[in-house]
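A quick write-up on the structure given underneath.
Each chain gets a letter, A, B and so on, in the order its sequence line appears, and its residues count up from 1.
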There are 2 protein chains.
Amino acid sequence: MTNTAPQRRAHSRTKRPPTIIDVADHAGVSRGTVSRVLQGGHKVSPASQEAVHAAIRKLGYVVNRAARSLVTQRAGSVAFLLSEPQERFFEDPNFTTLLRGCTTALGEHDIPLVLITAGTEAERRRVTPFLSTHHVDGVLLISSHRGNPMIDHLRQANLPFVCCGKPLGERGAMSYVAADDREGAMAMVRCLLESGRQRIATIAGPQDTPGGLERLAGYREMLAEHGIAYDKRLVQIGDYSRASGEAAMHRLLATAPNVDAVFVASDLMADGALTAIERAGLRVPDDIAVGGFDDSPVATAARPPLTTIRQPWDRISEMMVRQLLAQIDGEGPATVILPIELVVRESA
Amino acid sequence: MTNTAPQRRAHSRTKRPPTIIDVADHAGVSRGTVSRVLQGGHKVSPASQEAVHAAIRKLGYVVNRAARSLVTQRAGSVAFLLSEPQERFFEDPNFTTLLRGCTTALGEHDIPLVLITAGTEAERRRVTPFLSTHHVDGVLLISSHRGNPMIDHLRQANLPFVCCGKPLGERGAMSYVAADDREGAMAMVRCLLESGRQRIATIAGPQDTPGGLERLAGYREMLAEHGIAYDKRLVQIGDYSRASGEAAMHRLLATAPNVDAVFVASDLMADGALTAIERAGLRVPDDIAVGGFDDSPVATAARPPLTTIRQPWDRISEMMVRQLLAQIDGEGPATVILPIELVVRESA
DNA sequence: TGCAGGACTGTGCACGTTCACAGTAGAGAT
DNA sequence: ATCTCTACTGTGAACGTGCACAGTCCTGCA
């Protein structure tokens, strides 16, 4: 060792947390060595590593992220960005599952999750500069509607991002993670067919969302597979809300009699449909079988409990985080489609 | 002006965002002046202010938070800390409302919200150093159980924090914001009494949570006000889950006949109670009136829809943020109790 | 004309890291 | 004994900002 003189500045500091210099002094090494240990300990002798670790423990040293960010030009955090009106998400149990999963997955990498809402135009104006100046290293983008203005911003800012669900109307390579909506719809309709139902209607989701489109497509595909002609009177569109489900079911009962099953693109709408069916004096599943989608809490709360499709939200969040971190590390974008699961309860 | 020579360093930078120096050069002023404009523009001539603002707009300058943090010793962000098993919260619609409200309220101050979970011991170990080294300026603490280990950490780290709901078993000054649980319970029981009910039971929440305690206390107080003796056979304890509500109602029906109303400390438990009542062949509200608490989505989904107590979650989050920012600015802790609202539906 | 004082402005330093570079010691080969 | 190579270590310079201090200019008063 050539230099063992204290590198600490002279004036006494009042009560600041220990810095890398304190650790270096304590361990009898230089800042550089401590820094290298912090980065993983390559090119550092075992003795030095041990000394540094001991000093870190003793002093309770924790790296100062601001200082690190300043030099590395990395934020060390990731944004969870809601780019649509918030109600849409915060009322959705899937959303909270997703948020929880992402927080946990990021936490394992010691990366803080920054929650950002950009539902309104005003919020978007406030958020854009924050994102485009690399205050986060990447974005988990939660949005389903066509024409998301945030995607352009993110691309322009050259900020890695991963979408939850397939973004509609976008072209160019883009990372996203999604459940297999089409296969989910097909599984449900198959289930209804196999239980002997003849006239299967559907209440689809908004046709500017991937879920809305894919689930309707799956419905059509499975009917076609069974040689059943597509009857557009059996198709109603809702907006995923309970009220819209009730209204849609009401319309179905009025305009398309003899319906003996309905595949509904969300549990919430399915619950609304149950109400409409009950009001019409019909019974579920005796008169009409009802299939939902999401396996949200309302599925078990509903009377009767809903047969539904479970999406692997825990795996979705895990894969989103994995993809994002890979992109931050320089990898190219990728698409991940995850399998779904049919959950049979009493409604079908 | 004494010095108009460019302060920009000589070597060309590849593609970094503009710095305060770029703005200064562009506006023909010094770093100090730009900094002062950024802080609010005191002691800066109108002409300079205008020039700086123009330069900021033209260059698309955004302050580098890492650099600012480094010198101010402030993070510029706030943590939303879940200090209990996550399921508890993520399944709770109130929680998401709270999270949304806090995000919005903080966003108005341009402060990012960092979501942190510390439900398990392992997570807590990972999170503690992060918190105690001022990587956030304050904490919105979400927890209800007695003996929260995080509170000690936060106090020791001298980090401002505001609790959601009254922390139990803690002493010393502490900020918290809560709804008036006791008054809520009293309002509900008053409502039941006024509709002519005679034997009013209750399914209370866990007695190590403030909601559990206060709502039971309100129940007792209102009965006492009406000269009704407290009958402990009419009291069952649940854990806020649907299943526990169903079980508790089951016990009530078995051991305390003639019950004609029940005040349940959460909507979820109330929904479970509805199931138990239905199974017993009784009708709501004809045979037994049911009052819930929370006005969560299940309240409207339940059959019949629940009469319940709405907590002002939007105001709670708003006040939590306000209190926290005040504390960060040096003010002392404070307690805020907000009024509740009775929502009458069909179950009572 | 001189001077005090207010209004505004510029400059040096510190904040705590990381990184590139320049060492240094020791082992082994010649 | 000298040289080369490996393995490790120390050092200076940046990163972009805020703050304290030291100006400078200008107005108004004696």
Side-chain angles (χ1 to χ4, degrees), chain A residues 1-11 13-14 16-25 27-52 56 59 61-76 133-135, chain B residues 1-11 13-14 16-25 27-52 56 59 61-76 133-135:
Chain A
M1 238 163 288
T2 33
N3 183 345
T4 54
Q7 302 161 11
R8 197 95 144 58
R9 51 206 161 304
H11 76 277
R13 307 196 309 166
T14 51
R16 293 260 182 75
T19 73
I20 205 175
I21 300 185
D22 299 320
V23 174
D25 286 356
V29 297
S30 71
R31 282 162 26 233
T33 300
V34 177
S35 179
R36 278 184 286 264
V37 171
L38 256 34
Q39 315 291 317
H42 302 296
K43 306 250 181 189
V44 179
S45 73
S48 293
Q49 288 205 41
E50 184 43 46
V52 168
I56 287 177
L59 270 48
Y61 167 81
V62 176
V63 63
N64 181 320
R65 296 176 103 104
R68 173 180 284 177
S69 289
L70 189 56
V71 45
T72 59
Q73 306 289 343
R74 280 199 177 194
T133 47
H134 293 266
H135 282 114
Chain B
M1 238 165 288
T2 32
N3 184 345
T4 53
Q7 302 161 12
R8 196 92 147 57
R9 51 204 162 305
H11 77 277
R13 307 194 309 164
T14 52
R16 294 262 181 73
T19 74
I20 204 174
I21 299 184
D22 299 319
V23 174
D25 286 356
V29 298
S30 71
R31 282 163 25 233
T33 300
V34 177
S35 180
R36 277 183 285 264
V37 171
L38 256 34
Q39 314 292 316
H42 301 297
K43 304 251 181 188
V44 178
S45 72
S48 294
Q49 289 206 40
E50 183 43 45
V52 168
I56 287 177
L59 269 49
Y61 168 80
V62 176
V63 64
N64 181 320
R65 296 176 103 106
R68 173 181 282 177
S69 289
L70 189 57
V71 44
T72 58
Q73 305 288 343
R74 281 201 176 191
T133 48
H134 295 266
H135 282 116

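Rounded to an integer number of Å, the gap from Gln39(A) CD to dT17(C) C1' is 9 Å. When the C1' atom of dT17(C) is taken as reference, atom NE2 of His134(B) falls 19 Å away, rounded to whole Å. Taking atom CG of Leu70(B) as the reference point, atom P of dC15(C) lies 9 Å away to the nearest angstrom. When the P atom of dT9(D) is taken as reference, atom NE2 of His42(A) falls 14 Å away, rounded to whole Å. For the pair Asn64(A) CG and dC15(D) C1', the computed distance is 13 Å after rounding to whole Å. Atom pair Ile20(A):CD1 and dC15(C):C1' shows a separation of 14 Å (rounding to whole Å applied). When rounded to the nearest whole Å, the span between CZ of Arg36(A) and P of dT17(C) equals 15 Å. Atom CZ in Arg74(B) sits about 23 Å away from atom P in dA14(C), given to the nearest Å.
Each end of the helix from dT1(C)-dA30(D) to dT30(C)-dA1(D) gets its own axis from five base pairs, and the two axes differ in direction by 60°, given to 10 degrees.
Judged by distance alone, the side chain of Asp22(A) and the main-chain N or O of Thr19(A) form a donor-acceptor pair under 3.5 Å.
Contact check, Ser35(A) against dT18(C): a side-chain N or O comes under 4.0 Å of OP1 or OP2. An OP1 or OP2 oxygen of dC15(D) is reached within less than 4.0 angstrom by no side-chain nitrogen or oxygen of Thr72(A). Under 4.0 angstrom from either OP1 or OP2 of dG16(D) there lies no side-chain N or O belonging to Thr19(B).
Between the CD atom in Gln49(B) and the NZ atom in Lys43(B) there is a gap of 13.0 Å [rounded to 0.5 Å]. With rounding to the nearest 0.5 Å, the separation of OH in Tyr61(A) from CG in Leu38(A) is 5.0 Å. Of the inter-residue distances, the one linking Thr72(A) atom OG1 with Arg65(A) atom CZ reads 10.5 Å to the nearest 0.5 angstrom. Going from atom NE2 of His134(A) over to atom OG of Ser69(A) covers 13.0 Å, rounded to the nearest 0.5 Å. Rounding to the nearest 0.5 Å places CZ of Arg74(B) at 11.0 Å from CZ of Arg68(B).
A heavy atom closer than 4.0 Å to some atom of DNA chain C occurs in Lys43(B), Val44(B), Ser45(B), Ser48(B), these being the qualifying members of residues 43-51 of chain B.
Residue Gln73(A) places its side chain closer to dG16(D) than to any other of dT11(C), dT17(C), dG16(D). Here the side chain of Ala67(A) is nearest to one of dC15(D), dT17(C), dT17(D), namely dT17(C).
For the pair Val52(A) and Val23(A), the minimum side-chain heavy-atom distance is below 4.5 Å. You'll find the side chain of Val62(A) stays beyond 4.5 Å of the side chain of Pro17(A), heavy atoms only. Contact annotation: the side chain of Ser48(B) never approaches that of Val37(B) to less than 4.5 Å [non-hydrogen atoms, C-beta and beyond]. Between Pro46(B) and Glu50(B) there is no side-chain heavy-atom pair separated by less than 4.5 Å.
In this structure, Val71(B) and Val71(A) both approach DNA chain C, and ranking their closest nucleotides by distance from the 5' end singles out Val71(B).
Donor-acceptor pairing under 3.5 Å, judged by distance alone, is present between the side chain of Arg31(A) and the base of dG12(D). Looking at Arg65(A), its side chain has no donor and acceptor atom pair within 3.5 Å of the base of dT17(C).
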